[in-house]
Trainee: 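Sending over a structure as structure tokens; questions will come in a sec.
Start at 1 with the first residue, then count along the sequence.
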Amino acid sequence: MTDSAESAFDIKAFLAKLPHLPGVYRHIDTAGEVLYVGKARDLRKRVSSYFQKTPSSPRIGHMVARVTRIEVTVTRSEAEALILENNLIKTLRPRYNILFRDDKSYPYLMLSAHASPRIAYYRGSTRKKGQFFGPYPSAWAVRETIQILQKVFRLRTCEDTVFANRSRPCLLHQIGRCSAPCVGEISLEDYAEDAQRAARFLNGETREIMGDLEHRMLAAAEALEFEQAALLRDQMGALAKVLHQQTMEDTDGTDTDIIAVVSSAGRYCVNLAMVRGGRHLGDRAFFPTHADGDSASDVLEVFIAQHYADSPMPAVVIGSQSLSDPELIDLLAQAHAARCRYLSRPQGMGRAWLEQAIRNAEMALANALTESGARSARTLALAEALELDTDPLVLESLQVECFDISHTAGEATQASCVVYARHEMQPSLYRRYNIAGVTPGDDYAAMRQVLTRRFGKVADGEAEMPGLVLVDGGKGQVEIARQVFVDLGLDASVIVGVAKGEGRKVGLETLIFADDRAPLVLGAESPALMLIAQIRDEAHRFAITGMRARRAKARNVSRLEDIDGVGAKRRQRLLARFGGFSGVASASIEDLASVEGISAELAERIYFALR
């Protein structure tokens with residue numbers, strides 16, 4: 001159920017009509033922008049609390065002053081409201097909500113469901129076949145764990161296409177990191193047992209595995225199978241070393257998350273440490289936006305709500321503050337059909353973990369404040385040099401987009417758009433545009449096409465206008481950009497061209513404006529120019545990598561098409577069997593001939609054509 005008030009609505013009458021039911025509310029301004037999303041056990045009580053004489057914080061006071069409309073959605077339970085609230089926050093990113101910006105999902109370690117299981121780094125849905133362990137706080141933690149499993153259990157990491165087409169063991173077998181099930185160096189039964197032991201290790205059954213290895217080693221020695229006994233001895237040694245380095249002492253193997261919140265100079269850091277199967281997998285620091293005026297407890301609760309909306313809950317969560325809403329953990333656990341305990345005053349090892357997490361949070365925040373100060377200074381220098389608004393709140397939301405065109409003699413033309421916002425590059429917002437229907441090598445036409453596609457959405461009200469638009473080029477490119485903006489009815493004063501200087505040396509660039517301002521040379525010592533050059537170079541890098549990938553794909557497919565006898569179906573079978581062109585190019589004649597529809601003669605022809 002959704003209710004909405006008109007721009008000039010009677011707040012008292014609106015509040016009086018709200019039900020005493022759980023749900024989600026949205027504060028909206030005159031432009032239709034959602035300013036804040038919240039959940040409530042009782043909608044009338046919670047929404048009414050915003051319109052008291054004294055606001056709970058300056059940020060809330062600013063927000064309430066801009067509210068012209070409120071929308072509410074009634075839910076069946078508070079748990080359902082919590083899930084809806086977090087989905088809306090992620091989708092709408094309201095400016096007055098505390099936000100934990102994190103562009104990447106958490107990685108997992110996957111043990112595939114094959115007869116000879118493969119261990120692999122994985123991101124995405126865990127509903128697929130196989131076993132998934134994690135989540136891990138970083139890609140580094142996953143890869144370190146994979147190395148451990150290779151050393152101790154010698155499990156394969158190769159792609160399935162490689163595994164299916166091996167004729168002899170690979171280098172990993174030779175250095176003792178894989179038992180080579182691909183060529184029968186180990187039986188499927190023995191390999192499956194090793195995979196099972198690896199899964200038990202990841203689940204924290206380390207003592208049992210160590211005892212099993214010791215028993216098998218002694219049995220092999222008694223049977224005079226000394227080579228096998230030596231192999232098991234080495235496995236025990238490798239596992240013992242891992243346990244000594246990475247296992248938490250006095251732990252029962254319970255999966256635990258430790259969350260520490262610290263603040264300094266008006267900023268917060270939330271440090272998340274993960275313990276899985278008794279192993280400390282590492283820490284991950286988060287720096288929330290829009291948290292000014294909130295307490296550490298508020299920040300902790302928001303982090304828990306946003307983090308566990310998507311991530312699985314461990315058996316225990318240890319926090320540095322108590323929760324004002326004791327039911328929060330139960331609501332999240334209910335949504336995940338799990339059980340979880342929350343501890344704010346842990347004892348023993350839990351207390352040591354929390355103290356370490358707090359120290360790590362303090363160090364991460366100190367580093368972030370130092371880096372943030374330097375980045376903010378560069379953004380301020382840019383605003384001053386280009387006569388932009390230098391108000392700190394405006395600079396915090398300043399978004400810069402930079403466009404570049406890349407091609408090789410007109411082939412595979414691509415345009416790139418990179419984004420600088422919140423004082424740093426934002427890779428998740430980067431975009432590439434394939435350029436088509438223009439004369440090869442016509443950079444002006446390519447720039448016109450990409451700017452029309454990007455800013456046509458702004459003119460239609462489907463996207464926001466950035467505060468600054470950088471174009472890699474001189475007067476010609478800037479004029480094209482100006483024409484596009486004029487045609488779309490947009491303000492062309494935000495356009496700045498970055499013209500290369502003599503010898504293309506960084507620091508000698510000239511800034512070209514689309515309005516009446518004279519060209520500007522800032523000089524090599526200007527921090528503003530250094531920031532502009534960094535953004536421009538990133539756009540150039542992003543365009544080139546995309547263009548090269550597109551060109552290589554086109555050329556590789558063309559090389560297969562040029563081989564007599566390789567039609568669309570055979571080409572598709574080859575690419576599917578070997579996992580892409582590189583796999584086809586590295587395959588032997590025998591491997592190629594094993595593909596359906598590829599005769600020995602055609603396999604030989606393909607082999608030599610790709611050399």
Trainee: Is a side-chain N or O of H173 found less than 3.5 angstrom from the main chain of C178, in a donor-acceptor match?
Mentor: yes

Trainee: Might you confirm whether atom CZ of R359 has over 12 heavy atoms from other residues, nucleotides or ligands at distances under 6.0 Å?
Mentor: yes

Trainee: Main chain of R46, side chain of S49: is a donor-acceptor contact present, judged purely on distance under 3.5 Å?
Mentor: yes

Trainee: Going by the rule side chain to side chain donor-acceptor pair (under 3.5 Å), which residues pair with N86 if we only count those two or more places apart in sequence or in a different chain?
Mentor: none

Trainee: Do the non-hydrogen side-chain atoms of F163 and H114 ever get within less than 4.5 Å of each other?
Mentor: no

Trainee: Is it true that R541 and E538 have a side-chain N and a carboxylate O under 4.0 angstrom from each other?
Mentor: yes

Trainee: Please determine whether the number of non-hydrogen atoms from other residues, nucleotides or ligands lying under 6.0 Å from atom CD of Q321 exceeds 12.
Mentor: yes

Trainee: Under the ring-ring contact (aromatic ring centres under 6.0 Å, His included) test, which residues partner Y25, sequence neighbours left out?
Mentor: H27, Y50

Trainee: Mind jotting down which residue pairs meet the ring-ring contact (aromatic ring centres under 6.0 Å, His included) criterion with at least one end in residues 304-339? Sequence neighbours excluded, please.
Mentor: Y106-H307, F303-H307

Trainee: Looking at residues at least two apart in the chain, or sitting in another chain, which of them share a side chain to side chain donor-acceptor pair (under 3.5 Å) with R267?
Mentor: S372

Trainee: If only atom types and distance count, is the side chain of E80 paired as donor or acceptor with the main-chain N or O of P22 below 3.5 Å?
Mentor: no

Trainee: Not counting sequence neighbours, which residues clear side chain to side chain donor-acceptor pair (under 3.5 Å) with R375? List them please.
Mentor: none

Trainee: Verify, without hydrogens or angle tests, whether D298 (side chain) and S295 (backbone) share a donor-acceptor contact under 3.5 angstrom.
Mentor: yes

Trainee: With sequence neighbours left out, what residues match E78 under side chain to side chain donor-acceptor pair (under 3.5 Å)?
Mentor: K39, R41

Trainee: With rounding to the nearest 0.5 Å, note down the distance linking CZ in R154 to CD1 in I186.
Mentor: 6.5 Å

Trainee: Could you tell me how the ring of F542 sits relative to the ring of Y430: parallel (under 30°), tilted (30 to 60°) or perpendicular (over 60°)?
Mentor: perpendicular

Trainee: Donor-acceptor pair, distance only, cut-off 3.5 Å: does the side chain of S112 make one with the backbone of R118?
Mentor: yes

Trainee: Between E301 and S324, is there a donor-acceptor pair closer than 3.5 Å when you use the side chain of the first and the backbone of the second?
Mentor: yes

